Amino acid sequence: MAIRVYNTLTRTKEAFVPREPDKVAMYVCGPTVYNHIHIGNARTFLTFDIIRRYLAWRGFDVTFVQNITDVDDKIIKRAAEEGVPATEVAETYTAAFRSAMEALGIGRPSRQPLATQTIPQMIGMVERLIAGGHAYVVDGDVYFSVRSFPGYGKLSGRDIDDLESGARVEVDERKQDPLDFALWKSAKPGEPRWPSPWGDGRPGWHLECSVMSEEELGLPFDIHGGASDLIFPHHENELAQSEAATGVRFVKYWLHGGLLQVNAEKMSKSLGNFMLLKDVLEVYPAPIVRLFMMQTHYRSPLEFSTDRLDEARTAYERIAGPLRDLEIAKRSHARERVGDEAASGVWVTRLTKAIEDAKTRFIEEMDDDFNTAGALAAVFGLVREMNAFIWEGPGIGAHGENLPLLERAAAAIKEPLDVLGIEIEARPVRVSEYPTEVMQLAQDYAGYTGTDGAEAVDALRKARDVARSERNWAVADSMRDRLQDLGFIVEDKPDGTHITYGR
RNA sequence: GGCGACGUCGCCAAGUGGCAAGGCAGAGGCCUGCAAAGCCUUUAUCCCCGGUUCGAAUCCGGGCGUCGCCUCCA
């Protein structure tokens, strides 16, 4: 069974065959560090984090390179606005980017080169392009000649004449063709600059990715990723530069993610309709954000809304439920509810099959162009079966004999989620976060005089069970109300009362 | 204007030729002192019109609508 990926270059799904067996070389365009990244930027980085994790889980040795573009017009503009050096802007937002990625649970790249530390290699590529007749110098600027590269337009599916007829750019008379783009820009006073054969200046956009990917991975490498708004002109120009300079194929598989939208419109900094990743993460934990995004295929547009995030939170709780129930059942030694051995055997067979099916389906879905939405359906299917086994079937069994099977089911739920980077908090309680008022409550209802949160809750649970067994509903309900006021969730399940906190 | 993508249950969303996943929300039932959770049942001729095919949500043509790119953008 092979992994299939949708290649923008061919506009079809293709069998994924890396250049070296069992090894994958991938490059994803990183940020231009002039501001905090927004949640739309984060979606793309998350997409490729998933792809990387999945390929690694499937046994590939993945080398993942992501650049930081730390010299650019936007950084210079921002620096001028704030009256600080451009390097300071770049350093500030490079650090912010790294911490935001960590907060979302995105793995560090294998290597993360900086544009400003690759200048000599970029100059080298410009020289190669000039020597090959693919670039020309005008007043200290260097432009790439799109007409010199016959394949120009093949990635984005356009042709040069169509582009020109619809061009809205002002024509720079110094260019041989309106679509020619800058490889090297001469420095104006006060701008960052590096010496070059054409005078002091800085590299143009596109160049850093061509140079760094070749330097770190060699050509052709396997996967080049980014969001769909980078297809043209960024990736088209990268491809043209690299193939014109080297004469060899640049990339085997071009993968592009869909855009995050707000009110059916692209989220973007220029439109001002964005939410910063760091602000979203203050309200919604990383696993919720990840689950939200993975419920839609990575190539489709995705509407951002807090309603959707709230729904993802509910869905997350659905997954966490049986895992918590298992932890609690292990402690409380839930009794068997189905005494019939034969019936129990049917349940065991059914859950065993569900565990196998979930894994098989997860792999099938993910192999098919990283279909996380389908993969999650596989997980939810097993969640249902595990719930049924616990609450409608034999549970952990009279003597805990079903525990190994339930542990396997729990592991079969957690493993795929781990591949997707969705951490499930299965512990029923987070004692350290208990409000201290619970101590007073325990004293009032259970005569508890200690200071241990877990003991206090346990005392309350026992006191409430006593009240319920005495059919003293007034006391039982009032205990539940007051616990709920403190943020606890009180559920009377067939195996006893579950008190949890911190959902 | 040019190029491209998309239009599937109340909402979100998988599915690219063979009986329409999943999540959220709703209804009914089971369980239950109540509540919560859970389980079961329940709602789709897949934007419209033609065509190809034994058979189409899936392929082709036309229409309508939405979005993206063509200018910095993840």
Side-chain angles (χ1 to χ4, degrees), chain A residues 8 11-13 28-32 34 37-48 72-74 77 153 156-159 161-170 179 205 225-234 236 256-261 264-271 274 291-292 295-297 299-303 305 307-308 310-319 321-322 324-325 337 361 365 368 371-381 383-393 468 471-473 476-477 480-481 484 489-494 497-498 500:
Chain A
T8 304
R11 297 187 188 279
T12 55
K13 275 186 204 170
V28 175
C29 290
T32 300
Y34 70 105
I37 64 161
H38 63 61
I39 186 79
N41 304 132
R43 184 188 183 199
T44 300
F45 298 131
L46 179 57
T47 291
F48 290 99
D72 174 87
D73 292 351
K74 292 191 292 294
K77 180 163 176 271
S156 54
R158 297 149 201 244
D159 84 37
D161 295 321
D162 283 346
L163 283 165
E164 288 184 355
S165 67
R168 295 184 298 185
V169 275
E170 290 176 31
L179 293 171
W205 189 40
S228 58
D229 60 353
L230 291 183
I231 296 171
F232 190 91
H234 185 53
E236 190 72 58
H256 290 98
L259 301 176
L260 196 68
Q261 302 185 335
E265 195 174 48
K266 174 182 173 179
M267 177 180 284
S268 76
K269 286 175 182 162
S270 52
L271 288 172
F274 59 90
L291 184 63
F292 156 68
Q295 285 183 304
T296 297
H297 186 91
R299 282 192 285 111
S300 298
L302 170 60
E303 177 76 16
S305 82
D307 284 351
R308 287 279 97 76
D310 290 337
E311 287 179 6
R313 191 197 295 277
T314 306
Y316 176 88
E317 290 303 332
R318 177 165 172 75
I319 298 170
R324 289 197 183 103
D325 289 337
R337 282 177 299 289
R361 184 169 172 203
E365 298 284 5
D368 183 11
N371 185 352
T372 52
L376 284 170
V379 173
F380 280 109
V383 165
R384 167 173 288 111
E385 288 300 322
M386 185 167 167
N387 275 326
F389 189 94
I390 293 174
W391 300 118
E392 312 300 322
R468 291 183 67 223
R471 308 184 67 79
N472 188 348
W473 310 128
D477 290 351
R480 181 171 62 198
D481 290 344
Q484 285 175 341
I489 295 165
V490 181
E491 298 166 303
D492 298 323
K493 300 208 179 187
T497 296
H498 292 195
T500 52

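Only a predicted model underlies this, so the values are computations on that prediction, with no experimental measurement involved. Quick note on labels: first sequence line is chain A, next is B, and so on, each numbered from 1.
Evaluation of the salt bridge (Lys or Arg N to Asp or Glu O under 4.0 Å) rule for A:Arg158 yields no partner, not counting sequence neighbours. Remark: A:Asp492 pairs with A:Arg464, A:Thr497 by the side-chain hydrogen bond (donor to acceptor under 3.5 Å, both in side chains) rule, at least two apart or across chains. Partners of A:Phe48 under the ring-ring contact (aromatic ring centres under 6.0 Å, His included) rule, at least two apart in sequence or in another chain, do not exist in this structure. Every residue two or more places apart in sequence or in another chain was checked for a ring-ring contact (aromatic ring centres under 6.0 Å, His included) with A:His297, and none qualifies. In this structure A:Lys269 satisfies the salt bridge (Lys or Arg N to Asp or Glu O under 4.0 Å) test with no other residue, sequence neighbours excluded. Take A:Asp73 and apply the salt bridge (Lys or Arg N to Asp or Glu O under 4.0 Å) test, not counting sequence neighbours, and it matches A:Lys185, A:Arg202. Every side-chain hydrogen bond (donor to acceptor under 3.5 Å, both in side chains) that A:Glu311 has, sequence neighbours left out, goes to A:Arg308. A:Glu236 meets the salt bridge (Lys or Arg N to Asp or Glu O under 4.0 Å) test with no other residue; sequence neighbours excluded. Partners of A:Arg468 by side-chain hydrogen bond (donor to acceptor under 3.5 Å, both in side chains), not counting sequence neighbours: none found.
Contact annotation: A:Arg313 does not reach the phosphate of B:rG23 (side-chain N/O to OP1 or OP2, under 4.0 Å). A sub-4.0 Å separation between OP1 or OP2 of B:rC39 and a side-chain N or O of A:Arg318 is present.
Using a 4.0 Å heavy-atom distance criterion, A:Leu230 is classed as a sugar-phosphate-only contact. Counting non-hydrogen atoms under 4.0 angstrom, A:Arg43 reaches nothing in the nucleic acid.
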Under 3.5 Å between N/O atoms: give me all the protein pairs with nucleotides 14-17 of chain B, atom names plus distance.
| from | atom 1 | to | atom 2 | distance (Å) |
| --- | --- | --- | --- | --- |
| B:rA14 | OP1 | A:His297 | N | 2.9 |
| B:rA14 | OP1 | A:Ser300 | OG | 3.4 |
| B:rA14 | O3' | A:Asn371 | ND2 | 2.8 |
| B:rA14 | O2' | A:Asn371 | ND2 | 3.1 |
| B:rG15 | OP1 | A:Asn371 | ND2 | 3.2 |

Between protein and nucleic acid, restricted to nucleotides 65-67 of chain B and to nitrogen or oxygen atoms under 3.5 Å apart, what atom pairs and distances do you find?
| from | atom 1 | to | atom 2 | distance (Å) |
| --- | --- | --- | --- | --- |
| B:rC67 | O2' | A:Gln261 | NE2 | 2.8 |

Polar-atom pairs under 3.5 Å, protein N or O versus N or O of nucleotides 31-33 of chain B: list them with distances, or write none.
| from | atom 1 | to | atom 2 | distance (Å) |
| --- | --- | --- | --- | --- |
| B:rG33 | O6 | A:Arg468 | NE | 3.4 |
| B:rG33 | N1 | A:Asp477 | OD1 | 2.9 |
| B:rG33 | N2 | A:Asp477 | OD1 | 3.3 |
| B:rG33 | N2 | A:Asp477 | OD2 | 2.6 |

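Pairing for B:rA20 is absent, with no Watson-Crick or G-U wobble pair whose two atom distances lie under 3.5 Å. Pair assignment for B:rC67 gives B:rG4, based on Watson-Crick or G-U wobble hydrogen-bonding distances that are each under 3.5 Å. Base-pair partner of B:rU52: not found among the strands shown (Watson-Crick or G-U wobble, both distances under 3.5 Å).
Note: A:Thr500 OG1 to A:Glu317 CD = 8.5 Å, rounded to the nearest 0.5 Å.
If you measure from atom CZ of A:Phe292 to atom C1' of B:rG22, you get 16 Å, rounded to the nearest angstrom. What separates NE2 of A:His256 from P of B:rG68 is a distance of 17 Å, to the nearest Å.
Checking B:rG22, B:rC69, B:rC11 against the side-chain heavy atoms of A:Ala377 singles out B:rG22 as nearest.
Between A:Glu385 and A:Leu376, the residue whose closest nucleotide on RNA chain B is further toward the 5' end is A:Leu376.
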